[in-house]
Amino acid sequence: MRYLLATFGIALVCSGPAYAQSQDAASVCAASERHYAAIRAGDDDAVMDQHLPDVTLFGEDGGLLWSLSSNPWQPDPSSSSTTFIRHCSAQVYGNVGIATFYLVGSWTYLGNTRSGTWRVTEVWVKQGNEWKEAHHHESPLLDSVVGTER
């Protein structure tokens, strides 16, 4: 009986950190989901609130690093998005979370429409009880992204 109780106690102690880690990881993916829900809703204020002031981005165009502090965001009232997250996975290291997932669908910004699948990596920093995006990197999945230029 002692052996059974000791084994049960060890199992509880050993499973605790793994469960906490998976809960933290799920909260990072949930932050990414909320972020894209705000983008789909066209809620620019919510989108901006989900970023750190010095957020950086490597966009899907393969261009140079973009920074909010050096290039203020210019909302496009005609922009739209029907992109959804697929297969989100996350790791948490202290107050830093890294989410990786596929972004599937289409978006229109400044008259350009792009459709397909993108690979995305996001770095989130936990401030209090909220995750804020510190860096975003996306690239097309092979040749899956197509677009129209206007």
Side-chain angles (χ1 to χ4, degrees), residues 11-150:
L12 285 177
V13 169
C14 291
S15 66
Y19 177 74
Q21 179 69 14
S22 67
Q23 289 292 92
D24 286 344
S27 72
V28 174
C29 284
S32 292
E33 290 283 0
R34 283 189 301 279
H35 186 61
Y36 280 93
I39 290 170
R40 285 189 304 273
D43 188 346
D44 290 328
D45 291 336
V47 170
M48 294 310 295
D49 188 51
Q50 295 165 336
H51 291 103
L52 290 174
D54 56 351
V55 64
T56 58
L57 170 113
F58 281 120
E60 62 99 20
D61 64 355
L64 299 174
L65 181 68
W66 177 89
S67 165
L68 183 60
S69 60
S70 65
N71 190 4
W73 176 252
Q74 300 297 319
D76 173 11
S78 67
S79 70
S80 64
S81 172
T82 58
T83 54
F84 292 90
I85 291 174
R86 299 290 183 256
H87 308 291
C88 187
S89 176
Q91 299 83 35
V92 176
Y93 306 97
N95 71 331
V96 175
I98 302 166
T100 54
F101 53 86
Y102 296 100
L103 189 60
V104 179
S106 65
W107 56 265
T108 300
Y109 180 73
L110 298 177
N112 299 319
T113 300
R114 307 282 283 172
S115 299
T117 301
W118 292 266
R119 300 172 298 172
V120 177
T121 301
E122 295 177 333
V123 178
W124 293 84
V125 176
K126 195 166 197 178
Q127 294 186 328
N129 291 325
E130 292 185 57
W131 290 104
K132 302 281 187 170
E133 189 175 20
H135 179 73
H136 179 95
H137 188 143
E138 65 184 61
S139 60
L141 178 63
L142 300 176
D143 291 326
S144 73
V145 175
V146 296
T148 59
E149 302 281 330
R150 290 187 195 174

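Below, each value reflects all heavy atoms present in this structure, side chains not excepted, and no hydrogens, waters or symmetry copies.
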The single option from T121, L65, V125, D54 that satisfies side chain to side chain contact (heavy atoms under 4.5 Å, CB included) with H135 is L65
To the nearest 0.5 Å, what is the distance between CD on E33 and CZ on F84? 9.5 Å
So T82 and S106, do their side chains get closer than 4.5 Å, heavy atoms only? yes
Residue pair H87 / F101, side-chain heavy-atom distance below 4.5 Å: no
Aromatic plane relationship, W118 with W107 - under 30° parallel, 30 to 60° tilted, over 60° perpendicular: tilted
I'd like to know if the side chain of K132 and the backbone of D49 have a donor-acceptor N/O pair within less than 3.5 Å. yes
Report the relative orientation of the aromatic rings in F58 and H137; use parallel for angles under 30°, tilted for 30 to 60°, perpendicular for over 60°. tilted
Residues, nucleotides or ligands: over 12 heavy atoms within 6.0 Å of Y36 OH: yes
State, yes or no, whether a side-chain contact exists between V47 and H35 at a heavy-atom distance under 4.5 Å. yes
H51-H136 aromatic ring centre distance below 6.0 Å: no
Pairwise side-chain contact, Y93 with D24, heavy-atom cut-off 4.5 Å (strictly under): no
Counting C-beta onward and ignoring hydrogens, is there a side-chain heavy-atom pair between L141 and Y102 closer than 4.5 Å? yes
